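Everything on this sheet refers to the single structure shown next.
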Amino acid sequence: MQLSREELVQAFRRMCTIRAFEERLHDVIATGEIAGFTHLYCGQEAVAVGVCEHLDNEDKIVSTHRGHGHCLAKGCDVTGMMKEIWGSSEGLCKGRGGSMHIADTDKGMLGANGIVGAGAPIAVGSAISQKIDGDGKVTITFSGDGACNQGTTFEAMNMAVVTKAPCIFVFENNHYSEHTGFEYAVGTSKDIASRAEAFGMKVWRGDGCDFTSVYETMREVLEYVRAGNGPAAVEFDTERFYGHFEGDPQNYRGEGEIDRIRETRDCLKIFREQATGAKLLDDKELDEIQQAAIDDVEAAVEASRAAPRPQPDDVTKDVYVEY
Amino acid sequence: MQLSREELVQAFRRMCTIRAFEERLHDVIATGEIAGFTHLYCGQEAVAVGVCEHLDNEDKIVSTHRGHGHCLAKGCDVTGMMKEIWGSSEGLCKGRGGSMHIADTDKGMLGANGIVGAGAPIAVGSAISQKIDGDGKVTITFSGDGACNQGTTFEAMNMAVVTKAPCIFVFENNHYSEHTGFEYAVGTSKDIASRAEAFGMKVWRGDGCDFTSVYETMREVLEYVRAGNGPAAVEFDTERFYGHFEGDPQNYRGEGEIDRIRETRDCLKIFREQATGAKLLDDKELDEIQQAAIDDVEAAVEASRAAPRPQPDDVTKDVYVEY
Amino acid sequence: MAKMMYRDAVVSTLHEEMERDESIVVLGEDVVGGMGTEGGPEAIGGIWSTSTGLYDKFGADRVIDTPISESAIMGAAGGLALTGKRPVAELMFADFIGVSLDQIWNQIAKFRYMFGGKTRCPAVLRMAYGAGFNAAAQHSQSVHHILTGMPGLKVVMPSTPEDVRGLLRTALRSDDPVIFLEHKALYGVEGEVPDGDYTIPFAHARQVRSGEDVTIIATGLMVGLAEAAADTLAEDGIGCDVIDLRTTSPMDEEAILDSVEVTGRLVIVDEAPPRCNLATDISAIVAQKAFASLKAPIEMVTAPHSPIPFALELERAYLPSADDVEAAVRKTLSYR
Amino acid sequence: MAKMMYRDAVVSTLHEEMERDESIVVLGEDVVGGMGTEGGPEAIGGIWSTSTGLYDKFGADRVIDTPISESAIMGAAGGLALTGKRPVAELMFADFIGVSLDQIWNQIAKFRYMFGGKTRCPAVLRMAYGAGFNAAAQHSQSVHHILTGMPGLKVVMPSTPEDVRGLLRTALRSDDPVIFLEHKALYGVEGEVPDGDYTIPFAHARQVRSGEDVTIIATGLMVGLAEAAADTLAEDGIGCDVIDLRTTSPMDEEAILDSVEVTGRLVIVDEAPPRCNLATDISAIVAQKAFASLKAPIEMVTAPHSPIPFALELERAYLPSADDVEAAVRKTLSYR
Ligand SMILES: Cc1ncc(C[n+]2csc(CCOP(=O)(O)OP(=O)(O)O)c2C)c(N)n1
Ligand SMILES: Cc1ncc(C[n+]2csc(CCOP(=O)(O)OP(=O)(O)O)c2C)c(N)n1
Ligand SMILES: [Mg+2]
Ligand SMILES: [Mg+2]
């Protein structure tokens with residue numbers, strides 16, 4: 001772990017915020033208090049945070065249906081997001097988008113996306129924009145192992161190579177697309193990264209449950225891409241702790257699988273072991289950070305419950321700038 | 001050359017028919033006698049014929065906008081095709097499809113296609129059908145170097161791997177997609193075949209201007225696929241003698257490029273050299289075959305000129321079997 | 001007669017028809033569920049539970065789980081149909097025609113015509129459509145108008161379990177491509193279904209209520225609103241002729257025109273946004289072919305010209321309601 | 001005033017606007033032409049010659065040749081527009097919305113709404129559309145009705161070089177996504193264009209002919225047929241009010257309704273097949289909002305419900321003709 005204490009604290013705080021956010025949603029959704037399709041990011045926090053800790057607001061990300069983690073890691077407001085998921089008019093998108101369409105362009109977050117594979121082409125456009133501006137900024141597009149079978153993802157990779165756009169394709173391989181296993185759905189001689197490689201990109205691989213692995217891998221990737229070498233791809237092996245969406249009974253999981261991954265592949269635990277092992281942070285400090293994150297999220301939930309609801313007439317607002 | 005005399009004669013005859021067909025169309029189109037977008041296959045004959053000589057009517061092919069060669073190689077009727085291109089009601093598709101939509105399912109020819117990349121998914125469906133029937137038959141989909149950038153092509157490759165469909169992806173790399181060079185448009189670390197390989201397919205490569213290379217390569221590919229090993233891909237390097245479509249001024253070609261490829265990369269010449277060199281056929285025999293092909297095509301042109309035109313009322317026929 | 005949910009009407013019909021006809025092949029994302037997992041095939045069905053048990057009964061050859069590749073799914077359906085199979089391909093959400101339209105519109109719909117009438121393409125493309133689930137802008141849309149406009153396709157929109165069974169049978173026995181649109185909000189709705197192997201022909205509308213004052217035309221989820229409005233209006237002695245079109249291509253023009261000839265007043269309910277939709281289509285047919293019968297402007301109750309919002313209150317405002325239908329009926333009746 | 005071809009109106013406006021506005025970026029297949037060849041960039045322009053000279057003048061950063069990947073092209077346009085650029089993305093044929101619709105319909109059109117009004121997506125999506133070239137079923141279609149129905153998009157259909165220049169300028173200065181539909185058969189048509197930096201606002205129809213007997217509404221290539229029919233009918237003393245809508249979303253409803261209020265008779269000409277198209281859309285608006293003015297059934301002249309055939313004779317039969325328009329006018333006039 002080569003990060004400063006401050007950086008470490010911030011990274012852990014972000015991961016804890018995502019975890020708390022998602023765990024809280026998991027409970028709330030079970031009560032029926034909020035509606036819609038919600039896909040939780042629990043288990044994958046190290047990827048979003050390990051990637052986004054390297055970025056500023058001028059670096060962009062494009063996200064997926066499982067987007068809360070990416071949004072939070074990129075600096076979207078916890079309360080604004082929670083209110084959005086609650087459908088409040090004070091939500092980050094005024095309640096129009098909901099869980100699957102959170103965006104905050106000021107933060108360089110170009111949108112979650114309900115269409116699997118749709119983000120990658122958008123990211124290439126954003127990266128072309130950055131290339132034109134020539135300021136060394138990059139765009140990162142997150143894709144799942146399922147999304148890597150969508151034609152748009154391939155087109156985007158090729159387009160990025162051809163246009164030499166500073167676009168980074170981050171594949172989060174959590175081994176499942178909905179209820180289907182990676183081994184079944186992804187035809188490959190090796191892995192997702194090797195497919196990207198065949199498109200002429202330099203690729204990296206990392207452990208998506210280990211913040212350090214993600215963070216250090218991304219340091220290299222970003223150095224390469226910011227230097228003007230064109231696009232790159234990286235595959236992180238990671239775990240999804242909950243179902244595909246809330247309500248998924250998960251009968252496709254192996255016996256004891258969830259317990260096992262929660263035990264051995266929890267990025268928060270792994271981070272804690274590393275940080276305490278290296279005597280960079282102690283358990284008490286870590287507990288405090290974690291509790292602060294939980295408190296923040298709880299406050300966001302309370303604020304969302306009290307937040308104003310959208311007016312029916314707003315339904316046709318903001319379709320156009322001017323029509 | 002391991003083929004029998006008979007097989008050689010037939011292969012040469014087929015290549016010559018395609019050549020004559022396309023050369024004749026080139027002339028006719030220049031006069032304005034027939035209309036529409038026409039993409040000629042001249043230069044690539046060895047691919048279509050080297051592939052299709054291995055197939056029977058139960059093996060299927062799916063073709064492209066540059067489809068005349070595939071159709072003729074698969075046994076479509078010369079006159080029926082010419083009449084179709086002429087727009088006659090006696091055309092293979094009653095004048096409704098034209099050059100870009102010739103099909104003859106009885107011959108296992110599932111259609112040319114005006115949409116670049118659209119053929120591959122259709123081929124996978126056909127191959128799944130054959131897998132269900134379990135009769136060792138295969139479906140071949142032809143794609144250009146341009147089509148290999150279309151998302152549908154990638155999706156189809158992955159789907160074929162996942163379903164273990166006996167589908168063969170034949171990539172005809174003629175170095176151009178319209179007016180754009182392969183080097184520019186196809187991002188790859190190596191070639192098209194290496195991309196297919198990354199999808200977990202076994203791949204082959206061959207010289208698409210050398211009938212023997214195509215034919216022998218395909219013998220291996222087909223053996224592999226017919227044996228139930230799932231899909232495969234093969235890339236043939238080949239040449240396009242004419243423009244992208246008729247009317248293309250081809251200013252993007254290098255100085256003397258067309259003369260050079262006509263001189264050194266003409267599959268008919270190469271075939272002739274091999275056949276005469278190995279004393280399997282002599283020049284006179286080959287000339288006769290070639291002349292017979294030209295005569296056939298000429299007869300088809302004459303028949304097309306005299307063929308009946310469609311009736312205006314037919315415009316709404318055959319939209320449905322029953323509506 | 002038995003009671004059955006709309007979704008079960010889909011599954012049971014698939015089971016029966018697949019037994020009857022060996023050429024039927026089902027494919028789509030998670031139509032098996034659990035492939036490549038420790039839980040194994042059928043560990044869990046598709047997300048709509050509209051293919052449960054098919055894999056166990058008919059095996060891997062005929063029930064094919066696919067990667068997330070909608071173009072390849074639709075394209076494969078085309079290839080299967082051209083080679084003698086009857087594919088039933090599922091698009092998990094109708095909104096995903098966005099990533100697969102070419103294969104539906106430019107390929108499957110056009111093969112027969114382009115190929116001079118030599119081929120048949122009996123593909124059934126099932127899609128879950130419609131709003132009401134807070135699924136927001138990309139998982140809630142109605143697409144029937146887009147597909148109805150495309151020559152070569154047939155478009156079916158069942159509103160009851162009974163119609164699901166009768167129409168799906170017809171779809172599976174049709175030699176043309178059929179778009180089978182299942183409304184998400186109807187999956188859990190129960191209804192009586194007749195026994196036996198009945199079919200419902202396409203272009204045969206169903207009269208849901210009869211009345212002589214106003215004609216109301218609806219499809220899918222909108223039929224329920226029309227019924228509710230008609231029942232409320234009946235209390236005031238207003239008779240509504242409520243017609244469930246059941247199929248929009250081909251469409252039962254005669255039923256529409258016959259009814260309007262009696263009532264002279266027409267309200268059309270469409271879940272889609274207002275422009276170039278099915279409501280305008282029907283209105284135009286009536287304004288051309290039953291003009292003389294019309295006693296009042298044709299009223300249309302549709303969604304607004306906006307994407308579909310997420311929040312409960314907004315989605316409610318977005319969707320047509322029974323009140324909207326009632327108001328439209330009263331408006332057309334007030335016209336002299 | 002200068003004479004200029006429709007296609008040159010496109011190129012010249014792009015040149016001028018790209019000079020004026022640094023944020024404009026052009027992308028598409030062969031918009032440069034010759035990339036990666038010995039001939040080199042601009043060895044040959046795009047197949048429609050609608051981007052000639054742009055690369056030489058504005059360079060590789062702003063004029064981007066792309067692989068054959070329409071979804072990625074449209075998606076990249078979305079990403080460019082979200083990050084401060086004004087992309088002009090070319091779909092070589094409008095039919096290729098089939099392989100790229102998701103990015104147009106579910107992404108570009110909806111960003112602003114889904115994101116709560118915080119973003120702008122000023123993408124101009126140019127597409128060549130229409131029949132008349134014997135290009136058959138997959139290279140000849142009209143798609144304006146499909147896109148007009150999609151909230152979030154603006155749809156423009158210029159019929160003259162003058163309108164191309166005025167409307168393309170407006171499109172390039174709009175902060176919303178604009179579909180710019182160029183009819184293939186008009187590219188070679190010449191017309192007068194005014195000097196100077198004029199713009200034509202959207203939703204401002206153009207009165208092409210004025211008359212008090214019948215209203216004829218048309219767009220794109222169909223405007224010419226309407227004009228021809230009107231001129232023929234004028235010889236018989238029949239006055240046609242011919243309206244070129246110019247944009248279909250937003251649409252100049254007022255111009256339509258005002259005209260029908262005078263004439264009471266309406267003929268709509270649409271190159272698309274008959275179902276759920278723009279003709280039905282306009283008919284429905286009129287049947288609802290100008291019902292009292294209508295003296296006769298609304299007539300629609302459209303293509304038939306069939307794919308587009310290849311053969312000359314068939315394509316001619318497929319396309320609406322001036323004779324068809326004339327017949328429709330006479331039909332509506334004969335109604336008493
Ligand atoms: C085009 C499209 N197809 C299918 C879906 C339905 N769907 C939503 S998420 C998902 C699985 C995605 O898997 P993966 O990319 O691995 O992401 P993960 O859910 O594991 O984060 C599917 C099939 C969709 N939203 N969009
Ligand atoms: C989806 C789609 N995009 C673009 C086109 C226009 N187009 C027709 S052929 C072609 C080039 C194809 O190149 P390649 O695949 O290499 O085939 P070749 O022409 O060399 O045989 C293009 C861009 C099309 N028909 N369909
Ligand atoms: Mg996954
Ligand atoms: Mg090529």
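Chain A is the first sequence line, chain B the second, and so forth, proteins listed ahead of strands; every chain is numbered from 1. What you see is a predicted model, and the numbers here were worked out from it, not measured in a lab.
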**Asked** Which region of D/S69, side chain (C-beta onward) or backbone (N, CA, C, O), has a non-hydrogen atom less than 4.5 Å from a non-hydrogen atom of chain B, or is it both or neither?
**Response** both
**Prompt:** What do the steps show when you test D/D30 against B/T180 for side chain to side chain donor-acceptor pair (under 3.5 Å), and what is the final call?
**Reply:** CA-CA 7 Å; D/D30 278 319; B/T180 300; 2.6 Å; yes
**Fill in**
CD of D/E38 to OH of B/Y252, rounded to nearest 0.5 Å, is 12.5 Å
**Prompt:** So do D/T37 and B/H179 actually touch side chain to side chain, heavy atoms under 4.5 Å?
**Reply:** no
**Prompt:** Of the backbone (N, CA, C, O) and the side chain (C-beta and beyond), which part of B/I34 lies under 4.5 Å from a heavy atom of chain D, both, or neither?
**Reply:** neither
**Residue selection (most heavy-atom pairs with chain D, distance under 4.5 Å) from B/N113, B/D248, B/T153** = B/N113
**Message:** For chain B, which candidate among D/A137, D/S140, D/G40, D/G34 shows the most heavy-atom pairs at distances under 4.5 Å?
**Reply:** D/G34
**Item:** Check: B/E178 and D/I44 side chains under 4.5 Å, non-hydrogen atoms
**Value:** no
**Fill in**
The interface call for B/K317 against chain D, heavy-atom contacts under 4.5 Å, is neither
**Message:** Check whether D/Q138 reaches the backbone of B/G114 with its side chain - one donor and one acceptor, N or O, closer than 3.5 Å.
**Reply:** yes
**Prompt:** Which distance, rounded to the nearest 0.5 Å, do you find between the OG of B/S177 and the CD of D/E29?
**Reply:** 8.0 Å
**Prompt:** Do any of residues 54-67 of chain D have a heavy atom less than 4.5 Å from a heavy atom of chain B, and if so, which, in residue order?
**Reply:** D/D65, D/P67
**Message:** Using 0.5 Å steps for rounding, measure from the CH2 atom of B/W86 to the CG atom of D/L312.
**Reply:** 13.5 Å
**Request:** Heavy-atom pairs under 4.5 Å with chain B are the metric here; pick the option from D/P41, D/A135, D/A43 that has the most.
**Result:** D/A43
**Prompt:** What part of D/E70 gets closer than 4.5 Å to chain B, counting heavy atoms only: side chain, backbone, both or neither?
**Reply:** both
**Complete:** One option among B/Q311, B/H101, B/E84, B/H175 has the most heavy-atom pairs under 4.5 Å with chain D, and it is B/H101
**Message:** As a quick check of understanding, evaluate side-chain contact (heavy atoms from CB on, under 4.5 Å) for B/Y323 and D/H305, giving each step before the final call.
**Reply:** CA-CA 11 Å; B/Y323 193 56; D/H305 189 66; 3.6 Å; yes
**Request:** Could you tell me whether the side chain of B/V116 reaches within less than 4.5 Å of the side chain of D/F96, counting heavy atoms only?
**Result:** no
**Prompt:** Please, which pairs that meet salt bridge (Lys or Arg N to Asp or Glu O under 4.0 Å) have at least one residue in residues 123-136 of chain D, sequence neighbours excluded?
**Reply:** D/E90-D/R126, D/R126-D/E182
**Request:** Would you indicate whether D/E190, at its atom CD, is surrounded by more than 12 heavy atoms from other residues, nucleotides or ligands within a distance under 6.0 Å?
**Result:** yes
**Asked** What residue, out of D/S71, D/P304, D/S306, has the most heavy-atom pairs lying under 4.5 Å from chain B?
**Response** D/S306
**Asked** Between atom OH of D/Y318 and atom CZ of B/R96, what is the distance when rounded to the nearest 0.5 Å?
**Response** 14.0 Å
**Request:** Considering only heavy atoms and a distance below 4.5 Å, find which of B/D313, B/V315, B/V186 pairs most often with chain D.
**Result:** B/V315
**Message:** Could you tell me if the side chain of D/L314 sits less than 4.5 Å from the side chain of B/P312, heavy atoms only?
**Reply:** no
**Request:** Give, for atom CD1 of B/I85 and atom CZ of D/F310, the distance between the pair rounded to the nearest 0.5 Å.
**Result:** 7.5 Å
